[in-house]
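Notes follow once the structure below has been shown.
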Protein chains: 2
Amino acid sequence: MVVGMVKGSPAVSEPTYFILAALLDGPLHGHGIIKHVLGLSEGRVKLPVGTLYGALDRLAAKGLIAVEREEVVEGRPRRYFRLTDDGRALVTAEARRMQQAASVVTSRVLPGSAFT
Amino acid sequence: MVVGMVKGSPAVSEPTYFILAALLDGPLHGHGIIKHVLGLSEGRVKLPVGTLYGALDRLAAKGLIAVEREEVVEGRPRRYFRLTDDGRALVTAEARRMQQAASVVTSRVLPGSAFT
DNA sequence: GACCATACTTCGCCGCACGAAGTATGGTCA
DNA sequence: TGACCATACTTCGTGCGGCGAAGTATGGTC
């Protein structure tokens, strides 16, 4: 009975979440994603290549992203990925979930900011 | 203060995050945490026991939580855990990080709420 | 007496993050 | 020219952590 899968736990991890988020702004190739994620996360999330390409494979296998096109720029191959509708829906749902999760804590510990 | 760890990736996963969040309201024992987390997450996060006790061990080893006391209620042992200062600092930092991460997406896809 | 609920323990699998090394190409610079 | 670095992607191995499942113990229910 595999059916459910709903399960409640995060469908994607933080690195994966940011990959999807980066693609909201349009198709990007691997290294482009790394740089874009760095910007989106305000320098916090530096995707290691091993993480990136592993995640891209899994996301594509799940149909959350797809290969948009492949180019060769100055002899170097570039594979551009785009978000699918499923991917867009998922990253949006994740954002909402994170917002709710964050509020669980913020509403308790920092109604003002009495901390640190 | 172990907390540092900058690195970028999530210091804790979602189940672990909710365990810490549950303890913000005061010490709880294992099964009490499971129930409290279920409430905090609006029914979304159902902690499996395997996840719970494994996570509690790791959190205690890292000094993020500590054993408050042990009771025996009706012959059944209960071990109460409380949040340490480090644990409180970490869950607060995580909340902020999630909020920022969520906003990356929400500001792009649902400026109003034109979705689903 | 069988069975269920509470409470916690332990085991093992597997998915995933990620460091590291490898391949290929073009540009820089001494 | 040859050493070296940057871009771009591939592949591998390790290790951590989530989680299903089975196990132990006790008290209450029927």
Side-chain angles (χ1 to χ4, degrees), chain A residues 1-20 22 27-38 41 44-62 64-65 67-81 94, chain B residues 5-20 22 27-38 41 44-62 64-65 67-81 90 94 101:
Chain A
M1 266 294 270
V2 182
V3 184
M5 271 277 57
V6 182
K7 274 267 306 53
S9 10
V12 296
S13 62
E14 211 207 21
T16 304
Y17 170 81
F18 271 102
I19 291 172
L20 295 176
L28 288 172
H29 65 286
H31 272 207
I33 293 175
I34 291 176
K35 287 170 198 151
H36 203 65
V37 164
L38 197 61
S41 65
R44 260 191 29 241
V45 181
K46 308 185 214 314
L47 286 180
V49 285
T51 300
L52 204 231
Y53 292 104
L56 288 176
D57 285 349
R58 272 172 262 129
L59 290 171
K62 289 177 189 162
L64 299 170
I65 63 174
V67 174
E68 171 81 1
R69 68 181 185 281
E70 301 193 40
E71 292 179 352
V72 174
V73 177
E74 292 175 352
R76 281 167 237 110
R78 284 183 176 179
R79 180 173 305 146
Y80 282 80
F81 294 89
E94 281 296 302
Chain B
M5 269 277 52
V6 187
K7 269 276 295 66
S9 9
V12 296
S13 62
E14 213 208 19
T16 304
Y17 170 81
F18 271 103
I19 291 172
L20 295 176
L28 287 171
H29 66 287
H31 272 207
I33 292 174
I34 290 176
K35 286 170 199 152
H36 202 65
V37 164
L38 197 62
S41 65
R44 260 191 29 241
V45 180
K46 308 186 214 317
L47 287 180
V49 286
T51 300
L52 205 232
Y53 293 105
L56 288 176
D57 285 349
R58 271 172 263 130
L59 290 171
K62 289 177 189 162
L64 299 170
I65 62 174
V67 175
E68 171 80 0
R69 67 181 188 282
E70 299 193 40
E71 292 180 352
V72 174
V73 176
E74 293 175 350
R76 280 168 238 108
R78 283 185 177 178
R79 180 173 306 146
Y80 282 79
F81 294 89
L90 185 131
E94 281 298 301

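Residue numbers start from 1 in every chain, and the chains themselves are labelled A, B, ... in the order their sequence lines are given, proteins ahead of strands. Just so you know, these numbers use all the heavy atoms, side chains as well, and skip hydrogens, waters and symmetry mates.
For B:Val49, the side-chain atoms get nearest to D:dA22 when compared with the rest of C:dC18, D:dA22, C:dT6. Considering only side-chain atoms of A:Arg78, the nucleotide from D:dT10, D:dA8, D:dG18 that sits closest is D:dA8. Of the listed nucleotides (D:dC19, D:dT10, C:dG26), D:dC19 has the atom at the smallest distance from the side chain of B:Pro48. For B:Arg76, whose side chain is taken as the heavy atoms from C-beta onward, the closest listed nucleotide among D:dT26, C:dA17, D:dG18 is D:dT26. When distances run from any side-chain atom of B:Pro15 to the nucleotides D:dC19, D:dT10, C:dA17, the shortest one goes to D:dC19. The listed nucleotides are D:dG17, C:dA7, D:dC9; the one nearest the side chain of A:Pro77 is D:dC9.
For B:Tyr53 and C:dC8, the shortest distance from a side-chain N or O to OP1 or OP2 is below 4.0 Å. Between A:Thr51 and the phosphate of C:dC16, there is no side-chain N or O to OP1/OP2 separation shorter than 4.0 Å. Note on A:Thr16: a side-chain N or O is less than 4.0 Å away from OP1 or OP2 of C:dA17.
The distance from atom CG of B:Leu47 to atom P of C:dC8 is 13 Å, rounded to the nearest whole Å. We find that CG of A:Asp57 is positioned 8 Å from P of D:dT11, with the value rounded to whole Å. Computed from coordinates, the A:Glu71 CD to D:dT7 P distance equals 17 Å when rounded to whole Å. Whole-Å rounding puts the B:Leu20 CG to D:dG17 P distance at 13 Å. In this structure, the CG atom of B:Leu64 is 11 Å from the P atom of D:dG17, given to the nearest Å. Here D:dA8 presents its P atom at 9 Å from CD of A:Glu74, a figure rounded to the nearest Å. Across the protein-nucleic acid pair, A:Leu56 atom CG and D:dT10 atom P stand 9 Å apart, rounded to whole Å. At whole-Å resolution of the value, NZ in B:Lys46 and P in D:dG18 are 18 Å apart.
Looking at residues two or more places apart in sequence or on another chain, you find a side-chain hydrogen bond (donor to acceptor under 3.5 Å, both in side chains) between B:His36 and B:Asp25. In terms of the side chain to side chain contact (heavy atoms under 4.5 Å, CB included) criterion, residue partners of A:Glu71 (sequence neighbours excluded) are, by chain and number, A:Arg69, A:Val73, A:Arg78, A:Tyr80. With sequence neighbours left out, the side chain to side chain contact (heavy atoms under 4.5 Å, CB included) criterion links A:Glu74 to A:Arg76.
Comparing A:Gly75 and A:Lys62 by the nucleotide of DNA chain C that holds the closest heavy atom to each, the one mapping nearer the 5' end is A:Lys62. Nearest-nucleotide mapping onto DNA chain D: of A:Gly50 and A:Val73, the residue sitting toward the 5' end is A:Val73.
Taking OG of A:Ser13 as the reference point, atom CD of B:Glu14 lies at 12.0 Å (rounded to 0.5 Å). B:Tyr17 contributes atom OH, which lies 10.5 Å from atom CG of B:Leu90 (distance to the nearest 0.5 angstrom). Expressed to the nearest 0.5 Å, how far CZ of A:Phe18 lies from CG of A:Leu38 amounts to 10.5 Å. In this structure, A:Leu28 CG and A:Glu68 CD are separated by 10.5 Å, a value rounded to the nearest 0.5 Å. One distance of note links NE2 of B:His29 with NZ of B:Lys35; it measures 5.5 Å at 0.5 Å rounding.
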> When Watson-Crick pairs (N1 to N3 and N6-O4 or O6-N4) and G-U wobble pairs (N1-O2 and O6-N3) count only below 3.5 Å on both distances, what is the dot-bracket string of DNA chain D, with | for other-strand pairs?
Replying inline: ||||||||||||||||||||||||||||||
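Against DNA chain D, the stretch residues 29-36 of chain A makes heavy-atom approaches under 4.0 Å through A:His29, A:Gly30, A:His31, A:Lys35.
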> Yes or no on side-chain contact (heavy atoms from CB on, under 4.5 Å) for B:Val67 and B:Phe81, after CA distance, side-chain angles and deciding distance?
Replying inline: CA-CA 4 Å; B:Val67 175; B:Phe81 294 89; 3.9 Å; yes
Identify every side-chain donor-acceptor pair in residues 47-60 of chain A under 3.5 Å, counting partners at least two apart or on other chains, and give the distances.
none

